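Please read the structure below before turning to the comments.
Numbers restart at 1 for each chain; the letters A, B, ... are given by sequence-line order, proteins then strands. All of these numbers come straight from a predicted model, not from anything done at the bench.
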Amino acid sequence: MTYARFHFRTPDGVFTAVFSPDGLLAVRFPPPRPATSKASPEPPGPAPNPKLRGWFNLAAKAINAALAGRALPKLPPLDLAQGTEFHQAVWRALTEIPTGETRTYKQIAARLGRPKAARAVGQACGANPIPLLIPCHRVVAAGGRLGGFSAGLAWKELLLEREARSPRPGHFPIRCSRTNWSSAP
DNA sequence: CCACACTATTTAA
DNA sequence: TTAAATAGTGTGG
């Protein structure tokens, strides 16, 4: 199995996308610290083939849109094989939440025909390997509480706020630029 | 298998 | 604010 990592520089920090041969495997949020200093420079990986280049571009646009609070454009194929059947069912349900809207953990559970599995839904959200693009930040707790977020609640609040105020055709020009390739996961 | 101990929950007391 | 209920998953025997 060969992986490719793709780093996106944004005003919100450096995001990383990890690809398997089957598609997008994971999205990582910027490290808590502003990624200072002397981490060993990434060993450059093999030049990406056209298929990977296409995936990279799709991921870049999607991350760009997500950070702007806009609806997501076409995504690259997602490699969800690491998740259980239940997890994948939850993740698929999350992709059906429209931009700017939210659902509760319980609502997602009900959608899956398991009205009492709210807590398990939360667990599946926490296991979501592709936050931001699989919009687990749109899942909140009942009673208007925020719930949790694997990358930190500040991100969840930020994303929800941007989506909520995202003007119709509104633009929020955030640029992503390719910074580097590598071959390790 | 079985038993527990975890959860980004929810509801009732 | 606390406690109990509840489902899925990982771990240890």
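Expressed to the nearest 0.5 Å, how far CD of A:E96 lies from CD of A:E101 amounts to 12.5 Å. Rounded to the nearest 0.5 angstrom, A:F19 CZ and A:L25 CG are separated by 10.0 Å. Atom CD1 of residue A:I63 and atom CG of residue A:D12 lie 11.5 Å apart, to the nearest 0.5 angstrom. For the atom pair CZ of A:R111 and CZ of A:R92, the computed distance is 12.0 Å after rounding to the nearest 0.5 Å. To the nearest 0.5 Å, atom OH of residue A:Y105 and atom CZ of residue A:R145 are 10.0 Å apart. Here the straight-line distance linking atom CH2 of A:W55 with atom CG of A:L75 works out to 13.0 Å at 0.5 Å rounding.
Ring orientation note: the planes of A:F6 and A:F56 are close to parallel, at an angle under 30° on the 30°/60° scale. A:F15 and A:W155 have perpendicular rings, their planes meeting at more than 60° on a 0 to 90° scale where under 30° would count as parallel.
Shown for residues 151-161 of chain A: no residue has heavy atoms falling under 4.0 angstrom of DNA chain B. Using a 4.0 Å cutoff on non-hydrogen atoms, no part of residues 133-141 of chain A comes near DNA chain C. For the segment residues 86-119 of chain A, the set of residues with a heavy atom within less than 4.0 Å of an atom of DNA chain C comprises A:F86, A:H87, A:R114, A:K116, A:A117, A:R119, in numerical order.
Side-chain atoms of A:V90 and A:L112, non-hydrogen and from C-beta on, do get closer than 4.5 Å to each other. The closest side-chain heavy-atom distance from A:V27 to A:T16 is not below 4.5 Å.
Within the nucleic acid shown, A:G126 comes within 4.0 Å of at least one base atom, counting heavy atoms only.
Along DNA chain C, the stretch of nucleotides lying under 4.0 Å from any heavy atom of chain A spans, 5' to 3', C:dA5 to C:dT9.
No donor-acceptor pair closer than 3.5 Å links the side chain of A:W91 to the backbone N or O of A:G83. At distances below 3.5 Å, not a single donor-acceptor pair connects side-chain atoms of A:N57 with backbone N or O atoms of A:A59.
Shown here for A:L146 and A:K156, the closest heavy-atom pair between the two residues is O-NZ, 2.8 Å.
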Quick one: side chains of residues 125-139 of chain A, donor-acceptor pairs under 3.5 Å with protein atoms, not counting sequence neighbours, listed by atom name and distance.
| residue | atom | partner | partner atom | Å |
| --- | --- | --- | --- | --- |
| A:N128 | OD1 | A:I130 | N | 2.8 |
| A:N128 | ND2 | A:I134 | O | 3.0 |
| A:H137 | NE2 | A:E163 | OE2 | 2.8 |
| A:R138 | NE | A:E163 | OE1 | 2.9 |
| A:R138 | NE | A:E163 | OE2 | 3.2 |
| A:R138 | NH1 | A:I97 | O | 2.7 |
| A:R138 | NH2 | A:T99 | OG1 | 3.3 |
| A:R138 | NH2 | A:E163 | OE2 | 3.0 |

Nucleotide pairing, DNA chain B (Watson-Crick or G-U, distances under 3.5 Å), in dot-bracket with [ ] and |
|||||||.|||||
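With respect to A:R165 and A:E161, a salt bridge is recorded, a charged nitrogen being found less than 4.0 Å from a carboxylate O.
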